[in-house]
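Heavy-atom basis, side chains included; hydrogens, waters and symmetry copies ignored. For reference, positions follow the sequence shown, starting with 1.
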Amino acid sequence: MIGTDYLATPEDGKELLRILESSPAKGSIELIYTRRPDAYASYMKEPGEAIVYATRKEDRLVGTQAALIREVYIGGKESKAAYICGLKKDPEYSGTVGFSGGYRKALVREDVDYYFCSVVSDNDKVHQMFQRKNPWMHMTPIQEYITYILTPRFYYKTKATDLCFRQAKEEDKEKILTFLNSEGKKKDLFPVIKNIEDFHGLHIGDFYLLEKTGEILATAALWNQTDYKQYVVKKYRGLMRLARFFNPVLSLLGYLKLPKENKYLEFPMLSFFLCKDDNVEYYKTFLSGVNQEIKKTYDCYVIGMPKNYYGVDLFRKLPSIHFDTVLYSIQFRFQKENALEPDASNLYPECGLL
C-alpha cells in the first residue's frame, strides 16, 4: 500500500519528531539535527512561511518534508526562495517520500523564485538519488557548505587599533538593519531583514558591533535557537571516541569541550555575520571581540559558510568539529520560466536558517 501525502497539522508534531530522529547522520560523530520538543511547532517558529508535509501509511506517519519560504537577495534583488529540508522517512518504511505526488505539486508555486536544499556530504545514497535523471525536476550541486562548532577561547592579533567593539543598544536598531541589508544584498541567498523581531528569540541586544567613529564596519548576532532546534550527539566513533575520553585534558589545552552522548549542545549561532567590503582585518577584530563575550556563557558556538567564502581560511586551522554539506539547486519541471539562479561563487545563506 502506498502512503498518503498531506499537509501536516499541529497534531502530527510528536510523530514528526520521531521521524526526524529516526536516522542520525553517520560518521565519526553520530549526530541528529532535531526539533524538540515538538517538530511541527518548531517549524512554525521559522521566519517567513513554513509548510510541512507528511506521508502516512494506515495509522503510522512514515515520512516528512518541509519547505521554508523566505525573502532573500539574489543578484542584489529581493526575491523569494524555498529551502527544502527535513526530508526523512521511517527506516521501517520501504516506500518513497518527498519530491513526488502531493509533495511535488504543493512545492511548485508562482511566487517562489528559487528552490534549494542541503545534503550531508557523506550521505552517498541521497547524492546518487539526486543525480539520477528525473522527468519532474533537476537537481544541481552548486556549492559545498561547512558548519563549524568552535570553542570561543581564541583571539586574533590584528593591526587595527582605532576600532570600537561593543554590544548593540535599542537605538542602534535602524542603523544595524541598514547595514545588514546594504552589505547582505551583495551576497546571494542572504536573508532580507526587515525586522529583528521576525526571527524567533532574536533581540537587538544579541547583536554586537565593530565601529569606527560611529560607522558600523561589522556586525553579527549571538542567536540561541536551542529552545526549538538542536544538535544531539548520539555516539562517538573511532578517534572521536578516544578524543571524548581524553576531552577533560584536551579542553584545558584549548580544544572544544565535547558534549556527552544523548545530550544536546547548548550554544548560540554566530548569525548574520557581515563585514564592510569583506575586510579581513574587520573580520578578525570582530571575532576576537565576540569570542570574549561568548565564553562568558558558552563553551562553544556555531557558524556556517560556503567552502569558497573568505572566512573559511580563518577557521580551518582552529580546534573545531565541522560538518560538510552540499547545497543543491532544484529546478522543477513546471517551475516558472523567469525563476532566478544565484551566483554559485557568491553564496552566503545564513546558517541559522538552514
Passes side-chain contact (heavy atoms from CB on, under 4.5 Å), K89 versus T55? Steps please.
CA-CA 9 Å; K89 75 171 186 174; T55 299; over 6 Å; no
Do we see a donor-acceptor contact under 3.5 Å between the side chains of Y114 and D188?
no
Nearest 0.5 Å, what's the CG-NZ distance between L314 and K284?
6.5 Å
Test side-chain hydrogen bond (donor to acceptor under 3.5 Å, both in side chains) applied to K169 - qualifying residues, sequence neighbours left out:
none
Heavy-atom side-chain contact between R18 and D90 under 4.5 Å:
yes
What is the distance from atom NZ of K80 to atom OH of Y115, rounded to the nearest 0.5 Å?
10.5 Å
When T4, D5, D12 are each screened for side chain to side chain donor-acceptor pair (under 3.5 Å) with R56, the one that passes is D12
Tell me, do K229 and E46 make a side-chain contact under 4.5 Å, heavy atoms counted?
yes
Kindly indicate whether the side chain of T226, heavy atoms from C-beta on, has any atom under 4.5 Å from the side chain of F267.
yes
Using side-chain hydrogen bond (donor to acceptor under 3.5 Å, both in side chains) as the criterion, list what pairs up with Q128, not counting sequence neighbours.
none
If we only count heavy atoms from C-beta on, is the Y93 to S22 side-chain gap below 4.5 Å?
no
State which residues pass side chain to side chain contact (heavy atoms under 4.5 Å, CB included) with Y208; sequence neighbours excluded, sorted by chain then number.
F165, Q167, L222, F286, V290, E293
Roughly how far, to the nearest 0.5 Å, is the CD1 atom of I176 from the CD1 atom of I196?
6.0 Å
Side chains of D277 and K186: closer than 4.5 Å at any heavy-atom pair?
yes
Quick one: salt bridge (Lys or Arg N to Asp or Glu O under 4.0 Å) pairs with a partner in residues 214-226, sequence neighbours left out?
E215-K276
Pairs meeting criterion salt bridge (Lys or Arg N to Asp or Glu O under 4.0 Å) with involvement of residues 138-148, two or more places apart
E144-K307
With a sphere of 6.0 Å drawn around CD of E171, does it hold more than 12 non-hydrogen atoms of other residues, nucleotides or ligands?
yes
Check the angle between the aromatic planes of F323 and Y231 and answer parallel, tilted or perpendicular using the 30° and 60° thresholds.
parallel
For Y145, which residues count as a ring pair (Phe, Tyr, Trp, His ring centres under 6.0 Å) partner, sequence neighbours excluded?
none
Ring centroid separation Y328 to F116 under 6.0 Å:
no
Starting from the C-alpha separation in whole Å, work towards a yes-or-no answer on side-chain contact (heavy atoms from CB on, under 4.5 Å) for L163 and E281.
CA-CA 10 Å; L163 304 180; E281 284 300 309; over 6 Å; no
Transitive ILVMFWY cluster of Y73, excluding itself - 4.5 Å side-chain cut-off:
V192
For Y43, the ring pair (Phe, Tyr, Trp, His ring centres under 6.0 Å) test, sequence neighbours excluded, returns none
Do the non-hydrogen side-chain atoms of E197 and K173 ever get within less than 4.5 Å of each other?
yes
Can a donor-acceptor pair be found between the side chains of Q331 and T140 at a distance below 3.5 Å?
no
Do any side-chain atoms of residues 200-207 form donor-acceptor pairs under 3.5 angstrom with protein atoms, and if so which ones, sequence neighbours left out?
residue	atom	partner	partner atom	Å
H200	NE2	D227	OD2	3.1
D206	OD2	H203	N	2.8

D324 meets the side-chain hydrogen bond (donor to acceptor under 3.5 Å, both in side chains) criterion, sequence neighbours left out, with none
After noting the C-alpha distance and the side-chain angles of L16 and K88, does the key distance pass the side-chain contact (heavy atoms from CB on, under 4.5 Å) rule?
CA-CA 9 Å; L16 291 169; K88 291 272 190 175; over 6 Å; no
Only pairs at least two apart or in different chains count here, so list each salt bridge (Lys or Arg N to Asp or Glu O under 4.0 Å) that has a residue in residues 343-354.
none
Are side-chain heavy atoms of F273 and L287 found at a separation under 4.5 Å?
yes
Under-4.0 Å salt bridge between D172 and R166:
yes
Whether E183 side chain and L274 backbone form a donor-acceptor pair below 3.5 Å:
no
With N346 via side-chain hydrogen bond (donor to acceptor under 3.5 Å, both in side chains) - residues at least two apart
none
Taking side chain as C-beta onward, heavy atoms only, is L327 less than 4.5 Å from S118?
yes
Looking at CD of E49 and CZ of R70, how far apart are the two atoms once the value is rounded to the nearest 0.5 Å?
11.5 Å
CG on L210 to OG1 on T219, rounded to 0.5 Å
9.5 Å
Mind checking whether Y6 and L17 sit in one hydrophobic cluster, side chains of I, L, V, M, F, W, Y counted as touching below 4.5 Å?
no
So CE of M269 and CG of N224: to nearest 0.5 Å the spacing works out to 10.5 Å
